[in-house]
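Throughout, numbering of the chain's residues begins at 1 and tracks the sequence. The model shown is predicted, which means the values in this text are computed figures rather than measured ones.
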Amino acid sequence: MNWVNESVFYHIYPIGFCGAPQSNDWDDAIPRIEKITSWIPHLQSLHVNALYLGPVFESSEHGYDTRDYYTVDRRLGDNAAFKKVCAALHDSGIKIVLDGVFNHVGREFWAFRDVQQHGRNSRYCGWFHNLNFDEASPMGDPFRYDSWQGHFNLVKLNLRNPEVVAHLLGAVGMWMEEFGIDGLRLDAADCVDMDFFRSLKHFCRAKRPDFWLMGEIIHGDYNRWANPELLDSVTNYECAKGLYSSHNDRNYFEIAYSLNRQFGNGGIYRNLCLYNFADNHDLNRLASTLQSKAHLCNVYSLLYTMPGVPSIYYGSEWAVKGIKQNGSDAGIRPCLELGSIESADSHLLEHLKRLGEIRHALPALRYGSYEQILVKNEQLVYKRSTNEQAVYVALNLAENEAQLDFGAAGTALTDALSPSEAFPVQSGGVSVTVPPCAARILVETSGEPLGIEREGAAAPVLCDIKPGRYRHFKGKEYEVIGVAKHSESLEEFVVYRQLYGEGGLWVRPMEMFLETVERDGKTFPRFAYIGR
């Protein structure tokens, strides 16, 4: 699924992000969800082209206690408001992945309310897992039911019931057709019936061959869920833990072990594009978890260069802090306003912008194999490579400069983070100095520029017109086929086609293709070269 490999994700928990009240006891729909559109320029500055939204379905409290799968939560707005948001995101070249909470529903789900009202005579008794009228529930119902992990406000659905499956697939179909969503993140995937996932995948693939299904898996063998029959990917919790704890313990052997186990020669997940993250709506914020703020940039350098697809949790690009406390997740799910981020870390933000730029420019970081080169307690070097490109990632978490010696090809290694710095390769080896608490993303070169140098611009510099992939300043990607001349005027035209969409063949005058445009006070090339 190429569009996922090509992505940088941004994760928003809408109820918190939009400042919605914790309890859904409102009568009127308030279009708070439209706030997302005002953040699109910020997402583009981060080179984000995929957005994962936490629950947007009508729910009672936190979003994972669904009331109605076919309706946007009134605290966020209504279906019409969300359609506007989806259209704006897609027009900006940003894919949309929604949270699919199909293991359980809330106690105010309409079918469960019918069971409460009619008891054994409800036609929906079969919709819920292990419904038993011979016992009472801890919530005071004259019947018992299975819950999610003992939380009886979350009622487990019977996914073996064809009516339940039809109801859920009908909802997925509606969100695909009316809102154009591009994928689903499946909540509590380890608890969901496998046959339901088979039905879901068959249903979605029939509608959209590129529709992405990603499961929330915290423990276990990821291949059990991510395989040709079930899901496309899962959450990489193993590395989420290793990303911060390897820095806190000053022990790169931990994350190196996980990366090599997962993606190295013989790695068990080499064929998967896992969903990688440093924090999310269920974890304490990275800036609160790391013992040293100086290691923030290195964590994200790892996240953007390791195999899989990277994701930023909203606000963490500014090193926003937050922890879960007193049984509440409110501290990690805040309402944030652009321009009003308290103690915003502008250095980290700029580093993430550069990482996004580099990731889009270097195919080896999106598709390359993984090879462990050097591991020390406070230094780590690994190689990402395709047949056409090799990139070495060198990290130093020590408070002193480190000199690292390892084998390499080409004539030099040029640092994509600092394109003016290059290290000569001599006799098949190179000696690289890495500053304290810093990283280098080193590209094998033969004296040619990387093509991602910049002078204050937020996007790659376009040097010339050559066949390959280009990104329009609004976010969509195109493949340039070549340059053609008008038979009468001899004017040169660029011939190109859209990628990952409806496609179609286009031409544009060379002069216009090479133009720069101004947006939000910044100058961008209209089309930026991002590789073959």
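When only modelled atom types and interatomic distance are considered, Glu254 and Ser245 share a side-chain donor-acceptor pair under 3.5 Å. For the 3.5 Å distance criterion, the side chains of Gln262 and Asn236 qualify, holding a donor opposite an acceptor.
Counting heavy atoms from C-beta outward, Val97 and Trp212 have side chains that approach closer than 4.5 Å. Looking only at side-chain heavy atoms (C-beta outward), Glu371 and Tyr382 stay at 4.5 Å or farther from each other. Side-chain contact between Phe82 and Leu98 is present, with heavy atoms from C-beta onward closer than 4.5 Å. Side-chain contact between Arg440 and Val432 is present, with at least one heavy-atom pair separated by less than 4.5 Å.
Every side-chain hydrogen bond (donor to acceptor under 3.5 Å, both in side chains) that Tyr13 has, sequence neighbours left out, goes to Arg333. Partners of Gln426 under the side-chain hydrogen bond (donor to acceptor under 3.5 Å, both in side chains) rule, at least two apart in sequence or in another chain, do not exist in this structure. In this view, Ser258 and Glu238 satisfy the side-chain hydrogen bond (donor to acceptor under 3.5 Å, both in side chains) rule, not counting sequence neighbours. With sequence neighbours excluded, no residue forms a salt bridge (charged side-chain N to carboxylate O under 4.0 Å, His left out) with Lys383. Listed by chain and residue number, Asp279, Arg285 satisfy the side-chain hydrogen bond (donor to acceptor under 3.5 Å, both in side chains) test with Ser316 (two or more places apart in sequence, or in another chain).
Relative orientation of the Phe277 and Tyr275 rings is tilted, given thresholds of 30° and 60° on the angle between their planes.
Listed by first and then second residue, the side-chain hydrogen bond (donor to acceptor under 3.5 Å, both in side chains) pairs involving residues 287-296 amount to none (not counting sequence neighbours).
Scanning all heavy atoms of the two residues, the minimum distance from Ser311 to Leu303 falls at O-CD2, 3.6 Å. What you find for Trp318 and Ala344 is that their closest heavy atoms are CD1-CB, 3.6 Å.
With Tyr252 as the aromatic partner, Lys376 does not meet the cation-pi criteria of under 6.0 angstrom to the ring centre and within 45 degrees of the ring axis.
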